[in-house]
Structure formats: C-alpha cells, structure tokens
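Step one of this worksheet: look at the structure below.
Atom set for the values below is all heavy atoms of this structure, side chains included, hydrogens, waters and symmetry mates excluded.
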Amino acid sequence: NRWNGDPSHVVTSGDSGVTPKQGRSMLRMEPVDSRRYSRIEQIVDVSHLVPTEDAAVEFSASFFCDGDVDRCKMLLVLRAFTMEADEISGSTEKLDDQVTSEARKGMVIPVGSSDWHEGSLRMDLPANTKTLVFSIVAGDLPKASAGASRYIDEVEVKIVTSEANGIQERE
C-alpha cells in the first residue's frame, strides 16, 4: 500500500490551499529538476484476485493542477506482469520485456482550470497475471512551472470479471 517513485507528499487543504476532491488529504507530486516529468507507481500482488480468463482492470484517478503553467499533462499507465510482486523492486521502467499487457491514457488539464479532472482507463487482463503496476505521470514540467503542483486524489482500481452470476467487481 505504498507509492514509490519521485518525490510526492500527502497534504491537506491547509497545507496547500487546494481542497481534496474526496476525504481530507490528497497526494501532491513535486517537480523533478533533472527531467520534464515526475512519476509515481504502486506495485500490487493480484495473483489471488485474477481469474484464469475474462477479466479486466479499471484504473482511475482525479487530478488538479495548481500554479502558473502553460499546460498540465497527466498520464495513467497500467502494466501487467506474470512475475511475482516481490520479484519487482524499485522502478518497473526497465522491465519492458517482462510486460504481458500495457495500457496508457493521457489528459491535458486546461490552463487556469479550478476543477478536478478525472482520468480513467480499462485493460483486459492476460491469464496468469500475478502483479499489476499502476503509474501516474505528471508530464511537461518545464523549469517555468517549478512552482506548480499536481495533486492526485480519488485513486480507484477495480478488477472486473464476468462469471455465470453476472459481472462482479473486486477492489
């Protein structure tokens, strides 16, 4: 239940001046000086949840961009592996040859928007999926946006299966 990757902090509206979309706190992603994006990911063992066939995963999150920027680009990335979760340590960026399925969806938040924006994607799960990696990327971070912050809230993941009794969801 931990996010890893680039610097980010759990904050409240009192810490940031932004009101969380849900609950009392949200995640604030910090810019990275050496590159134009910032990334966080969560590695999750789903071997006990994924059926042998006919399953999909739905991944969604809400985003808010605060600060003086030309644009705010956010990206959701979902990757499936047949590797055990404990075999994956640190970043999964170097495991491209081990990915059995991948989905990406980007969104651009309009300049000056004062609303939360939701991004979502859905991916069919290959049989024998043991590990899912959920990544959120804040892109296009020019030096001029160093004072801008990207906030993330309302992250949800569902594994959806079709069984004889109808559709079932597992969170």
Side-chain angles (χ1 to χ4, degrees), residues 1-46 49 56-81 85 88-95 99 101-123 125 131-160 169-171:
N1 290 329
R2 280 195 182 166
W3 290 93
N4 60 16
D6 294 322
S8 57
H9 304 283
V10 174
V11 297
T12 64
S13 59
D15 299 328
S16 64
V18 174
T19 302
K21 184 172 183 186
Q22 176 183 338
R24 288 181 262 157
S25 61
M26 60 203 148
L27 188 68
R28 180 175 62 207
M29 294 180 75
E30 304 294 338
V32 176
D33 290 337
S34 61
R35 59 179 196 268
R36 295 178 58 88
Y37 69 93
S38 180
R39 173 199 54 78
I40 58 170
E41 65 185 12
Q42 188 171 64
I43 301 167
V44 181
D45 176 359
V46 295
L49 297 174
V57 63
E58 297 173 350
F59 176 30
S60 65
S62 293
F63 306 105
F64 187 92
C65 186
D66 185 32
D68 185 23
V69 294
D70 293 333
R71 63 183 171 193
C72 184
K73 184 176 180 182
M74 301 299 296
L75 179 68
L76 294 173
V77 181
L78 176 57
R79 303 172 95 194
F81 294 87
I88 300 173
S89 62
S91 174
T92 60
E93 290 180 314
K94 296 178 182 175
L95 296 175
V99 174
S101 185
E102 181 174 317
R104 296 172 176 259
K105 185 169 183 183
M107 66 181 298
V108 176
I109 297 172
V111 176
S113 176
S114 59
D115 297 320
W116 283 91
H117 298 268
E118 184 177 326
S120 64
L121 62 87
R122 181 182 171 109
M123 179 180 80
L125 285 177
T131 305
L132 292 174
V133 178
F134 305 95
S135 302
I136 298 175
V137 180
D140 298 325
L141 297 172
K143 291 193 184 302
S145 70
S149 296
R150 275 73 170 165
Y151 295 90
I152 302 164
D153 201 357
E154 206 173 43
V155 177
E156 293 184 5
V157 175
K158 295 179 184 176
I159 294 178
V160 182
E169 293 182 354
R170 299 177 183 163
E171 293 185 37

Query raised in the report: Can we say E58 and K158 salt-bridge, meaning some charged N sits less than 4.0 Å from an Asp/Glu carboxylate O?
Result: no

Query raised in the report: Should S13 and P20 count as side-chain neighbours, where that means a heavy-atom distance under 4.5 Å?
Result: yes

Requested in this report: Quick one: do I136 and L75 satisfy side-chain contact (heavy atoms from CB on, under 4.5 Å)? Show the steps, please.
Outcome: CA-CA 6 Å; I136 298 175; L75 179 68; over 6 Å; no

Query raised in the report: Under the side-chain contact (heavy atoms from CB on, under 4.5 Å) criterion, do S60 and E118 qualify, and how do the steps go?
Result: CA-CA 7 Å; S60 65; E118 184 177 326; 3.9 Å; yes

Query raised in the report: Minimum heavy-atom separation for A103 to M123, with atom names?
Result: N-SD, 3.7 Å

Requested in this report: Please lay out, stage by stage, how V57 and L132 fare under the test side-chain contact (heavy atoms from CB on, under 4.5 Å).
Outcome: CA-CA 9 Å; V57 63; L132 292 174; 4.0 Å; yes

Report task. Answer yes or no: is there a side-chain heavy-atom contact under 4.5 Å between V11 and M26? Result -> yes

Query raised in the report: Can you name the one residue among K73, R150, H117 that meets side-chain contact (heavy atoms from CB on, under 4.5 Å) with I109?
Result: H117

Report task. Please check if the side chain of W116 supplies one atom and the backbone of Q22 the other of a donor-acceptor pair under 3.5 Å. Result -> no

Query raised in the report: Is a side-chain N or O of D153 found less than 3.5 angstrom from the main chain of K21, in a donor-acceptor match?
Result: yes

Query raised in the report: Is any side-chain heavy atom of L78 less than 4.5 Å from a side-chain heavy atom of L121?
Result: yes

Query raised in the report: Would a 4.5 Å heavy-atom cut-off, applied to side chains only, mark R28 and S8 as touching?
Result: no

Query raised in the report: Does the side chain of F64 reach to within under 4.5 Å of the side chain of D115, using non-hydrogen atoms?
Result: no

Query raised in the report: Which heavy-atom pair separates A56 from R122 by the least distance, and what is that distance?
Result: CB-NH2, 3.6 Å

Report summary line: On a heavy-atom basis, the closest approach of A85 and T131 is N-OG1, 3.0 Å

Report summary line: Paired with I40, the side-chain contact (heavy atoms from CB on, under 4.5 Å) test is passed by just one of I152, V137, N4, namely I152

Query raised in the report: Any side-chain heavy-atom pair from Y151 and T19 closer than 4.5 angstrom?
Result: no

Requested in this report: Can you measure from OG (S135) to CD (E102) and round to the nearest 0.5 angstrom?
Outcome: 8.5 Å

Query raised in the report: So, D6 side chain and R39 main chain: donor-acceptor pair closer than 3.5 Å or not?
Result: yes

Query raised in the report: Would V155 and F59 count as a side-chain contact (heavy atoms from CB on, under 4.5 Å) if you check the C-alpha gap in whole Å, the side-chain angles of each, and the deciding distance to 0.1 Å?
Result: CA-CA 8 Å; V155 177; F59 176 30; 4.0 Å; yes

**Report entry** Heavy-atom side-chain proximity of F134 to V157 below 4.5 angstrom
**Finding:** yes

